[in-house]
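One-based numbering along the sequence shown.
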Amino acid sequence: MSETDNDKPKLGMRAPLGLKRTVETGQVKQSFSHGRSNTVIVETKRRRVLGRPGETPAAAPEPTPVAAPAPAPEARTAPPAPRPAPAGETAQERQARLLREAEEQRMHALEEGRRREEAERARAAEEERARAAERAAAPAAAPEPAPQPEPEAPQPAPVTEAAAPTPTVSVPTPAGRGFRPVERPVPAPQPVAEEAPAPEPVQAATPAPAPVEAAPAPAPTPAPQPAAPEPTAPTVELGRDPSLPAPRRFSPVARPEIPKPAPKPAPAPVAAPSAPAQTGSAAAPNRPMPSGQATPRNAPPSRPQQRDRKGDERRGGKLTVNRALNEDGGARARSLAALKRAREKEKRAFGGPREQQAKQVRDVQVPEAITVSELANRMAEKGADLVKALFKMGMPVTLNATIDQDTAELLVTEFGHNIVRVSDSDIDLAVDTTEDATDQLQPRPPVVTIMGHVDHGKTSLLDALRGTDVVRGEAGGITQHIGAYQVTLKDKSKVTFLDTPGHEAFTAMRARGADVTDIVVLVVAADDGLMPQTIEAINHTKAAGKPMIVAINKIDKYEANPQRVRERLLEHEVVVESMGGDVQEVEVSALKKTGLDELIEKIQLQAEILELKANPDRAAEGTVVEAKLDKGRGPVATVLVTRGTLKVGDVFVVGAESGKVRALIDDKGRQIKSADPSMPVEILGISGVPSAGDPLQVVESEARAREVAEYRQGVLTQKRTTAAPASLESMFSALKANQAIEYPVVVKADTQGTVEAIVASLNKLSTDDIRVRILHSGVGGITESDVNVAAASGAPIIGFNVRANANARQIAERHKVALKYYDVIYDLIDEIRAGMAGELGPEAFETVVGRAEIREVFSAGKHGKAAGLLVVEGAIRKALKARITRNDVIIYVGEIASLRRFKDDVAEVRAGLECGVTFSNNFIDIRSGDFLETFEVELRERTL
């Protein structure tokens, strides 16, 4: 034990009260294996001597106190005396001996407490019987006339406090228990006719002292011969000293006993008029007689007082809330199911025998494959009956076996039910194409999509209409997400605008915007004219069949030429009104804010012609414009409500995801309760990130929504994992694809539409030599799982407007995974293109410098050979690579070791001259008529 534990106050270490302590503490050190040790405090208790005030208790030897003889049956026995320690005792033996002695003392204390309780119960039973006898004798003795006292008989004088002082008894208490001696007056005993047996004295650890005799008192009623008073035992009471701290309670727990039935009080005999002393004797409580004295005849046999069994049960065991709140003594109450069963049983017994009920015919829905147990549940039949029927059909199956739809039909028909065939596709929601009633339709705001080429001022024009500045917060000054806004005009009417990106990578976004819109505003820069994405936007608009309004922007510039724009539009069959067509056009300037009112008027005029209406009083339907994974809010989808009203709490299915609307946020960031038709809102509460363009439908329950979402996810998984049927063409294309180098990447972006655009742009970079392999693409920040996927293939991770968390960065540094962050899409595409080209390495280009014909072969040294050449074209240089061809087949590729003209070494020999050469690696397989070519290799960087 630590020094702190040794410094704590222990039992018996309080300041003494002047009495000798009966508890002594000692320490025993315990040794265990592995070098552990422990110190145990052992207490030794000795008996206490109680005596009258002023008396000196008899001294007794401390080690072996002498046990007093017990005159009464309930006399307390002395605790076992501690045995002297044997010589040569080890620490373990001493520890075991002290623990054994402590256990014996504890058991002795428990036995003493039990005996004391039994004595108290016996005494209480005797007193109860005496009181019952007195109550029974009092009515019988009342009618009897009391004898008249003789006048000459002297009356005994009453004893007053001055004449006969009341004796007191004080009992010393052990030190440290928080009690002090309290003196109580002892009342004078009642006069009795005959002497009663002496009561039991108060027991202590030492031999009990003699009972204190009180002064005799005369009887209250006259008697011919007064009897001697009965000696009364002193009353001893213990009180706690308030100046001391609260006592420490180390009371042993009493052993529970089996209760016995309470004894009935014996009927008291009718008192005779000649024996008035018996009344007084009956009034006195009966007490147990000490040993050696006879028991009175009229006293019934003493029995221990009956204990309350329920109270013992409530005190014992573990206390729970039910037992604490249960007032019936902890008895277990009947459950509601048991009461319900009992009531039903009574009803059945009261109503007589039940009649045979008619079999209920059910319409059982059977899919293409179903288990026997599920079919039994739908038919409300026993599974064993279905298994038995299948065995009779020759099909040994179990409850978990799967059967086809035809077999299930046989079973359903045999059991008398109706079958309803369903397929897996029936689970999916059907698109509601029914038209709403005319009286339920209400006008709705128009949805206007702004489309055009990149950097033609689409977002700036929308900012001028909304009175905001979105362009300033965009990376690179270009829009890379599709945005949805609702503008309230001066006449309180509303218009919903969709802003689409103009970069070539966002073709899918522009097509999606053209599909969900009512009117298309084509923005063309007056100084730039028609560009590729402008032409693409025209084609999307024509394919969707939507009306178009041409907005010629940037007319405030000096080089602006709106007429040229009108003429270029004619090439694509777009004829504006100023040139006799039906397409409205307006000249605007987003920077100077000119022509905006005219643009709004044309939009309202076109919307009025379309007569846009929708039914708000129905289940909501919408389209996902954009979706992303927010770090604090989870999956968030921007939805454009097409018809109906979307409310908070609606359960919906969107694509392969389901959810419940937790919150609706408008384009200004405010939370709203509902969204009307043609209103763009952000939805929180989706199970995952849906794909852009997925339809949203409100369903009746969450179970239905989960069922539809699971089916759609299964369909997508099946499409992704199902291999295409093998053909000769597919086999050759697969072989060709295997020859190409793979460039694996992991793509993470902030929105679903951006992910689609990046993946489509990277796939377009693939060539016959190298192709991009998308290992994983998703929405949200870069996580540890993304890094682990990239580390397995050594792929870089592309983060577009997202970053990696701390754990992902640590894993990436450990596995040497490259993290590349971008916020502009064309920077991303250019760097990936350069990386793919670097993966291929530089490209080698050969240039033939000279060509010569071998005319003769000469010996050069002992083993070598030299070739005599005639240069036909170009020049033969010594430092260049050479190849020898024979019948147009290359037989040697190497270098020229030496080049000589006559006997001189030269560096170059031009066309029309003769020379002699030798080759490296001692090549000697040279013949007359072979051709020699010299060439140089140039390495160039690859481009895709």
Side-chain angles (χ1 to χ4, degrees), residues 732-733 735-744 762 764-773 794 829-944:
F732 278 111
S733 62
L735 291 175
K736 189 176 182 180
N738 292 333
Q739 293 175 358
I741 300 175
E742 287 187 349
Y743 187 79
L762 293 181
K764 291 179 181 178
L765 298 178
S766 300
T767 62
D768 295 339
D769 297 329
I770 188 170
R771 63 185 183 90
V772 176
R773 180 186 174 193
I829 295 173
D830 293 344
E831 188 165 341
I832 295 300
R833 182 187 288 112
M836 294 173 65
E839 189 74 17
L840 288 175
E843 189 174 2
F845 292 90
E846 287 187 3
T847 303
V848 177
V849 177
R851 188 185 301 272
E853 180 184 359
I854 300 177
R855 294 290 183 90
E856 195 68 37
V857 178
F858 306 97
S859 297
K862 295 182 179 181
H863 303 289
K865 288 186 179 182
L869 307 178
L870 174 62
V871 181
V872 178
E873 72 179 82
I876 302 298
R877 296 176 187 173
K878 183 178 180 181
L880 298 181
K881 291 183 176 294
R883 71 167 68 94
I884 300 176
T885 60
R886 182 179 298 161
N887 298 328
D888 296 332
V889 178
I890 299 174
I891 62 173
Y892 171 76
V893 176
E895 296 178 355
I896 297 176
S898 65
L899 176 63
R900 291 186 180 184
R901 177 166 172 75
F902 298 106
K903 295 184 178 180
D904 300 327
D905 290 334
V906 293
E908 179 180 351
V909 178
R910 297 187 175 275
L913 301 179
E914 295 181 348
C915 62
V917 296
T918 59
F919 302 99
S920 60
N921 299 329
N922 197 18
F923 182 74
I924 59 176
D925 186 14
I926 307 172
R927 298 179 185 178
S928 177
D930 295 343
F931 283 90
L932 174 69
E933 290 181 354
T934 59
F935 60 93
E936 58 182 1
V937 179
E938 181 182 1
L939 298 179
R940 300 177 185 175
E941 290 291 336
R942 288 180 181 266
T943 56
L944 299 179

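- To the nearest 0.5 angstrom, Glu856 atom CD is 14.5 Å from Arg927 atom CZ.
- Taken to the nearest 0.5 Å, the CD atom of Glu933 stands 11.0 Å off from the CD1 atom of Ile884.
- The side-chain heavy atoms of Lys881 and Glu936, taken from C-beta on, include no pair separated by under 4.5 Å.
- Sorted by first and then second residue, the side-chain hydrogen bond (donor to acceptor under 3.5 Å, both in side chains) pairs with a member in residues 888-900 read Tyr892-Ser920, Ser898-Thr918, Arg900-Asp905; sequence neighbours excluded.
- Residue-environment remark: CZ (Phe902) stays at or below the threshold of 12 foreign heavy atoms within 6.0 Å.
- Cation-pi geometry between Arg883 and Phe935 is satisfied (NZ or CZ under 6.0 Å from the ring centre, within 45° of the ring normal).
- Annotation for Glu846 and Val937: closest pair CG-CG2, 4.2 Å, computed over non-hydrogen atoms.
- Note that CZ of Phe923 and NZ of Lys865 are 10.0 Å apart. Values are rounded to the nearest 0.5 Å.
- Closest approach of Ile854 to Val857, counting heavy atoms only: CG2-CG2, 4.5 Å.
- Using a 4.5 Å heavy-atom threshold, the side chains of Thr767 and Arg771 count as separate.
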Check your understanding: Yes or no on side chain to side chain contact (heavy atoms under 4.5 Å, CB included) for Phe845 and Leu939, after CA distance, side-chain angles and deciding distance?
Key -> CA-CA 6 Å; Phe845 292 90; Leu939 298 179; over 6 Å; no
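- In this structure, the side chains of Leu899 and Cys915 come closer than 4.5 Å at one or more pairs of heavy atoms.
- We find that Glu908 and Lys878 are not joined by a salt bridge, their nearest charged nitrogen and carboxylate oxygen being 4.0 Å or further apart.
- Here the straight-line distance linking atom CG of Leu932 with atom CG of Leu870 works out to 12.0 Å at 0.5 Å rounding.
- One finds the CZ atom of Arg901 at 13.0 Å from the CD1 atom of Ile876 (value rounded to the nearest 0.5 Å).
- Between Arg855 and Leu869 the shortest side-chain heavy-atom distance does not fall below 4.5 Å.
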Practice item. Go through the steps to decide whether Val849 and Arg877 satisfy the test side chain to side chain contact (heavy atoms under 4.5 Å, CB included), and finish with yes or no. Key: CA-CA 8 Å; Val849 177; Arg877 296 176 187 173; 4.1 Å; yes
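- The environment of CZ in Arg773 is sparse: at most 12 heavy-atom neighbours from other residues, nucleotides or ligands sit within 6.0 Å.
- Tyr743 is not listed as a side-chain neighbour of Leu762, based on a closest heavy-atom distance of 4.5 Å or more.
- A distance of 9.0 Å separates CG in Leu765 from CG in Asp830, rounded to the nearest 0.5 Å.
- Nearest heavy atom pair, residue Ile770 against residue Met836, reads CD1-O, 3.4 Å.
- Between Thr934 and Val848, the closest side-chain pair of non-hydrogen atoms is not below 4.5 Å.
- Across all non-hydrogen atoms, the minimal contact from Val871 to Arg910 is CB-O, 3.3 Å.
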